[in-house]
Amino acid sequence: MDFNLLTTTENSRARAGVITTSHGTIETPIFMPVGTAGSVKGIHTHDLKEDIKAQIILGNTYHLYLRPGTDIIEKAGGLHKFNRWDKPILTDSGGFQVFSLGDIRKLTEEGARFQSHIDGSYHMFTPENVMDIQRTIGADIVMAFDECTPGNADFVYAKKSLELTQRWLDRCFTRFNETQPKYGYEQSLFPIVQGSTFTELRKIAVNHVKTFDADGYAIGGLSVGEPEEVMYEITEVATAGLPENKPRYLMGVGTPVNILESIERGIDMFDCVMPTRNGRNGMLFTSEGIINIKNKKWDNDHSPIDPNGTSFVDQYSKAYLRHLIISGEMLGSQIASQHNLAFYLWLVKTAREKILNGDFVSWKNEMVIKLKERL
RNA sequence: GGGGAGAUACCGAAGCGGUCAAACGGGGCAGACUGUAAAUCUGUUGGCUCAGCCUUCGUAGGUUCGAAUCCUGCUCUCCCCA
């Protein structure tokens, strides 16, 4: 994998670049739609590619391991073949599930013992087997197995948690480096910077991950309950310390505003369930502001969902989409998800253009005001 | 013609003398959602000059300190037998 940093802006840390992988290039900053169980919920890969213009999508180690199971994915020839997505894929390691599954898991030095949310069966994730599973899934970018520290953790816990993540990272790289890709193309391992809301810990984490000459670096443990200003502050601390010539990935973020603010702070890659999950639940992100399409005021509004939208679904009317969502029609979820994803991709693409043109910051400041508006 | 059952808030449906403005579902309205245990979850749903008051349980009366709940008349629905 290769990263070519094209430009940085003078009055901010925002940057534009190109990542080259075995499955094609990714123009950064980029948003990566989340396809947890091997599918971006409700969206065909055809539309992902042709309409939404996604360049890379996510899969999830935990979910794919439990179902359908790595043996089936291996038999398929890897996730790209299994789900018919021939562009880059990134898999999350399951670290976030270790965090979000709460009381059905237990952390030890060895790894995370957890119960399947599907059938309650017991499983063990270790840095080693998570690397092996991700080798089998065959993602272009695989994530280190970490503990996603809660946003409200105290210093003592956060420090302990970071140290565990660091020891696990060493083991991840050791295993990763002693194994080979299974399908003939290169894979890259991204370490994850933890340290919760503590600047001091984040700096330690950054210095640690830098000791590995990784193809890219992720920042995790944000947007997990801490105040937004803290998230921005920590993002800034992290990007300031990370290598310039490698992509930086802010995991799990976020709202359109979060994304623009984080691009300004030097982030290149994002993923978030928000466009799809909130879309299914009736929330639309548009260039004019946020729409809750379930609200009664749209019931007789026959204007397009987003007149400036780039997706073909944007020509459906608000009244029709409201009807579909209210009626529980699956097409409603699909249209809303597709619109939101197309909007997110438009947003990062436009941000990129503005960075390349040198007028990112002024554009961003205007956009942020609009994007916060509730229509 | 004879016998029986029933009418409760937007809909369905509990309640069967006080703790009932009335359970529960649905529908309506609103909110939440950030590396997806989410096509999920939460709140609210008679009115008002709102820690109180007013109007509501088919309808008109009655019994009672007190009724959606008991009694009588009326109206309407449904079922069975002729």
Side-chain angles (χ1 to χ4, degrees), chain A residues 31-43 56-64 66-67 90-105 114-121 130 134 139 141-151 165 190-194 218-228 231-232 235 249-259 261-262 267 269-285 290 292-299 322 324-337 340 344 374:
Chain A
F31 178 79
M32 308 181 282
V34 178
T36 307
S39 99
V40 176
K41 294 187 192 301
I43 308 292
I56 170 172
I57 63 173
L58 262 67
N60 185 278
T61 303
Y62 167 86
H63 290 276
L64 292 168
L66 285 181
R67 204 161 53 187
L90 179 152
T91 40
D92 186 29
S93 62
F96 185 74
Q97 280 64 42
V98 167
F99 155 79
S100 65
L101 259 42
D103 53 354
I104 56 173
R105 53 63 165 175
F114 59 90
Q115 278 185 278
S116 159
H117 70 281
I118 300 165
D119 63 5
S121 55
V130 165
Q134 291 186 100
I141 300 172
V142 314
M143 299 307 299
F145 187 57
D146 66 337
E147 184 192 1
C148 180
T149 315
T165 288
F190 281 23
I192 303 170
V193 172
Q194 288 292 343
I219 302 163
L222 290 177
S223 66
V224 285
E226 79 288 357
E228 231 168 51
M231 176 174 89
Y232 294 141
T235 299
Y249 163 30
L250 180 55
M251 305 184 78
V253 174
T255 66
V257 171
N258 291 161
I259 287 174
E261 294 289 358
S262 303
I267 299 293
M269 304 165 73
F270 300 89
D271 79 283
C272 191
V273 303
M274 196 171 268
T276 43
R277 180 190 286 169
N278 289 33
R280 285 195 303 280
N281 294 331
M283 188 172 189
L284 304 180
F285 299 97
I290 295 168
N292 182 347
I293 201 68
K294 290 197 279 195
N295 287 169
K296 181 160 180 59
K297 61 183 166 194
W298 308 114
D299 72 348
R322 176 174 197 272
L324 293 177
I325 298 264
I326 291 281
S327 308
E329 287 291 331
M330 65 173 89
L331 183 59
S333 301
Q334 294 173 323
I335 291 172
S337 298
N340 280 346
Y344 267 62
R374 296 243 168 192

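Naming: A, B, ... by sequence-line order, numbering from 1 per chain. As a basis for the values below, the full set of heavy atoms in this structure was taken, side chains included, without hydrogen atoms, waters or symmetry mates. Every value quoted in this text rests on a predicted model; they were computed, and no experiment measured them.
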> Just call it for A:Asn281: base, sugar-phosphate, or nothing, with non-hydrogen atoms closer than 4.0 Å on any strand.
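Base: the residue A:Asn281, judged by heavy atoms under 4.0 Å, touches a nucleobase.
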> Pick base, sugar-phosphate or nothing for A:Arg374, based on heavy-atom distances below 4.0 Å to the nucleic acid.
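It contacts sugar-phosphate atoms only.
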> According to side-chain hydrogen bond (donor to acceptor under 3.5 Å, both in side chains), who are the partners of A:Ser337, at least two apart in sequence or on a separate chain?
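Once residues adjacent in sequence are excluded, A:Ser337 has no partner under the side-chain hydrogen bond (donor to acceptor under 3.5 Å, both in side chains) criterion.
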> Under a 3.5 Å limit for both distances, which nucleotide forms a Watson-Crick or G-U wobble pair with B:rG12, could you say?
B:rC24
> For A:Asn60, which residues count as a side-chain hydrogen bond (donor to acceptor under 3.5 Å, both in side chains) partner, sequence neighbours excluded?
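A:Gln97.
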> Please give the distance between the C1' atoms of B:rG62 and B:rG17 as a whole number of Å.
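After rounding to an integer number of Å, I get 15 Å for this pair.
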> Give me the first and last nucleotide of RNA chain B, going 5' to 3', that has any atom under 4.0 Å from a heavy atom of chain A.
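Contacts span B:rG28 to B:rU40, reading 5' to 3'.
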> Got a list of side-chain donor-acceptor pairs under 3.5 Å for residues 269-278 of chain A, not counting sequence neighbours?
residue: A:Asp271; atom: OD1; partner: A:Tyr249; partner atom: OH; Å: 2.6
residue: A:Asp271; atom: OD1; partner: A:Gly252; partner atom: N; Å: 2.8
residue: A:Thr276; atom: OG1; partner: A:Val273; partner atom: O; Å: 3.0

> Using the side-chain hydrogen bond (donor to acceptor under 3.5 Å, both in side chains) criterion, which residues pair with A:Asp299? Sequence neighbours excluded.
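Here the qualifying residues are A:Lys296.
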> Classify A:Thr276 by what it touches in the nucleic acid, base, sugar-phosphate, or nothing, heavy-atom distance under 4.0 Å.
base
> Taking side-chain hydrogen bond (donor to acceptor under 3.5 Å, both in side chains) as the test, write out the residues that go with A:Ser39, two or more places apart.
none
> Describe the nucleic acid contact of A:Asp146 in one word from base, sugar-phosphate, nothing, applying a heavy-atom distance below 4.0 Å.
base
> Pick the P atom in B:rG25 and in B:rU40, then give their distance to the nearest Å.
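The answer is 16 Å between these two P atoms.
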> At under 4.0 Å between heavy atoms, what does A:Leu90 touch on the DNA or RNA strands: base, sugar-phosphate, or nothing?
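If one applies the 4.0 Å heavy-atom cut-off, A:Leu90 turns out to touch nothing in the nucleic acid.
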> Can you tell me, in whole Å, how much space there is between the C1' of B:rC54 and that of B:rG1?
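After rounding to an integer number of Å, I get 48 Å for this pair.
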> Are any side-chain N or O atoms of A:Asn340 and backbone N or O atoms of A:Phe285, one a donor and one an acceptor, separated by less than 3.5 Å?
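The answer is yes, because a donor-acceptor pair under 3.5 Å joins these two groups.
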> Heavy atoms under 4.0 Å, any strand shown: does A:Asn292 hit a base, just sugar-phosphate, or nothing?
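A:Asn292: backbone/sugar contact only, no base atoms under 4.0 Å.
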> Could you please name the partner base of B:rU19, counting Watson-Crick and G-U wobble pairs only when both distances are under 3.5 Å?
none
> Testing A:Asp146, A:Val193, A:Thr149 one by one against A:Thr165 for a side-chain contact (heavy atoms from CB on, under 4.5 Å), which residue passes?
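Result: among A:Asp146, A:Val193, A:Thr149, A:Asp146 is the only option passing the side-chain contact (heavy atoms from CB on, under 4.5 Å) with A:Thr165.
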> Between B:rG47 and B:rA37, how far apart are the two P atoms, rounded to whole Å?
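Rounded to whole Å, the distance is 40 Å.
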> What distance, rounded to whole Å, do you find between the two C1' atoms, one in B:rG18 and one in B:rU63?
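So the two C1' atoms sit 16 Å from each other.
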> Can you tell me, in whole Å, how much space there is between the P of B:rU77 and that of B:rC70?
23 Å
> Under 3.5 Å for both donor-acceptor distances, Watson-Crick or wobble: does B:rA5 have a partner, and if so which one?
B:rU77
> Just checking A:Glu226: base, sugar-phosphate only, or nothing, at a heavy-atom cut-off of under 4.0 Å?
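A:Glu226: no heavy atom of the nucleic acid under 4.0 Å.
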> Expressed as a whole number of Å, how far does the C1' atom of B:rC10 sit from that of B:rU45?
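Looking at atom C1' only, B:rC10 and B:rU45 are 10 Å apart.
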> What integer number of Å spans the C1' atoms of B:rA22 and B:rC33?
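It comes out at 34 Å once rounded to the nearest Å.
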